[in-house]
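Chain letters run A, B, ... following the sequence lines, proteins first and then strands; every chain starts at 1.
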Protein chains: 2
Amino acid sequence: MSTTNLDGHLGYWLRLVSNQLATAFARALQERGLSVAEWVALARIDASAGLNCVQLAGALGVTRGAISKVLDKLQDKEWITRTVSDLDSRVQVLALSRRGRRRLPELTRVAQANEAQFFARLDAGEQALLRGLLRKVAG
Amino acid sequence: MSTTNLDGHLGYWLRLVSNQLATAFARALQERGLSVAEWVALARIDASAGLNCVQLAGALGVTRGAISKVLDKLQDKEWITRTVSDLDSRVQVLALSRRGRRRLPELTRVAQANEAQFFARLDAGEQALLRGLLRKVAG
DNA sequence: TATTGTTATACTCTATAACTATA
DNA sequence: TATAGTTATAGAGTATAACAATA
């Protein structure tokens, strides 16, 4: 007799869907020369002007160390700038570079196309519902 | 002007929540000597009797190569058995070992406690709704 | 030829913890 | 002392592709 009803676990489905989406998205982004984590950071920097590293890490739910590496890669590609704050020289102000701004629209299109395809089984109302539930969990 | 409304992306929230859950769960499982991927495989083997590797890979949404490694670790710990099928000697039939069966209930409790805490912001109805939506996306 | 499972290789992603510089 | 950011280290998790054995 099995003791496990894995299908009842929310975590199981969350993991399955998230992994499938990430894999598909990673392939789509690869041709444009960036990874999923890099895209998320880039998009967040664009969406929230004047962010620093600690704030970005908090927004993405990862550590400072993890963010630091991702930012290194984005900076190597010259898609972002890191500017020391005038008010506090420990702080970096993050921003998109000219090149980053030029590239972002296409990346956003790729992200949206990927999402549209991936969540095609849900109608607009269901997608909004799912988004709302995830936001609520994220707190 | 920013072009990105990251909060509108389902993938953003999915990634955030999934990563948070996986990190918390990994910590809880670590003390019991296994990883998240190992637990998921173990639970799936228990839930679906007579699985082989290809079927397990399909159920978990990963490749055969990835599964092979996870199974190696579970076998090293003697939590599963791999038995060559009588009908087709290419095929392995996966099953929990005696030790695996003995350990599973506690691991299931850990998983459930972790989930209960993580999804505490959602009531039972919302959790069922979320599960249904994720299942629908997974197809 | 097709399928099952393994292996070699390489990445991405993340954490922990110690560190530097500044406040 | 506390905070911002970096770095060193380690490990989990996965993919791709080539491979051996079997069908």
Sidechain-backbone polar pair: B/Lys77 side chain, B/Gly33 backbone, donor-acceptor under 3.5 Å: yes

Counting only N and O atoms by type, is there a donor-acceptor contact under 3.5 Å from the side chain of B/Arg99 to the main-chain atoms of B/Trp79?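 Side chain of B/Arg99 to backbone of B/Trp79, a donor-acceptor pair under 3.5 Å: no, none is there.
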
Could you check which of [options] has an atom nearest any side-chain atom of [X]?
X: A/Asp88; options: C/dG5, C/dA23, D/dA15; value: C/dA23
X: A/Arg82; options: D/dT6, D/dG5, C/dT14; value: D/dT6
X: A/Arg90; options: C/dG5, C/dA15, D/dT3; value: D/dT3

Give the rounded distance in Å between these two atoms: [atom1] of [X] and [atom2] of [N].
X: B/Asp86; N: D/dT22; atom1: CG; atom2: P; answer: 15 Å
X: A/Leu60; N: C/dA15; atom1: CG; atom2: P; answer: 11 Å
X: A/Leu71; N: D/dG5; atom1: CG; atom2: C1'; answer: 10 Å
X: B/Gln20; N: C/dA15; atom1: CD; atom2: C1'; answer: 14 Å
X: A/Leu87; N: D/dT3; atom1: CG; atom2: C1'; answer: 15 Å
X: A/Arg27; N: D/dA15; atom1: CZ; atom2: P; answer: 8 Å
X: B/Leu21; N: C/dA15; atom1: CG; atom2: P; answer: 14 Å
X: A/Asp76; N: D/dT6; atom1: CG; atom2: P; answer: 12 Å

Kindly say whether, by distance alone, the side chain of B/Lys69 makes a donor-acceptor pair under 3.5 Å with the base of C/dT7?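 Answer is no: no donor-acceptor pair is held.
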
At less than 3.5 Å, do the side-chain atoms of B/Arg64 and the base atoms of C/dG5 form a donor-acceptor pair? yes

At under 4.0 Å between heavy atoms, what does [X] touch on the DNA or RNA strands: base, sugar-phosphate, or nothing?
X: A/Ser68; answer: base
X: B/Val70; answer: nothing
X: B/Ser89; answer: sugar-phosphate
X: A/Ser35; answer: sugar-phosphate

Going through the checks in order, is the side chain to side chain contact (heavy atoms under 4.5 Å, CB included) test met by A/Arg82 and A/Leu94? CA-CA 5 Å; A/Arg82 299 200 254 200; A/Leu94 303 170; 3.8 Å; yes

Starting from the 5' end of DNA chain C, give me the residue, B/Asp72 or A/Val62, whose nearest nucleotide shows up first.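 Here B/Asp72 is the residue nearer the 5' end.
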
Distance test, side-chain N/O of [X] to OP1/OP2 of [N], below 4.0 Å:
X: B/Thr63; N: D/dT14; answer: no
X: B/Asn52; N: C/dG5; answer: yes
X: A/Gln92; N: D/dT6; answer: yes

A/Tyr12 and side chain to side chain donor-acceptor pair (under 3.5 Å): which single residue from B/Glu115, B/Arg131, B/Arg44, B/Arg135 fits?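 Between A/Tyr12 and the candidates, side chain to side chain donor-acceptor pair (under 3.5 Å) is satisfied uniquely by B/Arg44.
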
Heavy-atom nearest nucleotide on DNA chain D for B/Ala66 versus A/Gln55: which residue maps closer to 5'?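 Nearer the 5' end of the strand: A/Gln55.
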
Looking at every non-hydrogen atom in both residues, tell me the closest pair between B/Val93 and B/Ser85 and how far apart they are. CG2-CB, 4.2 Å

B/Asp86 atom CG: more than 12 heavy-atom contacts under 6.0 Å: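 No, not enclosed.
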
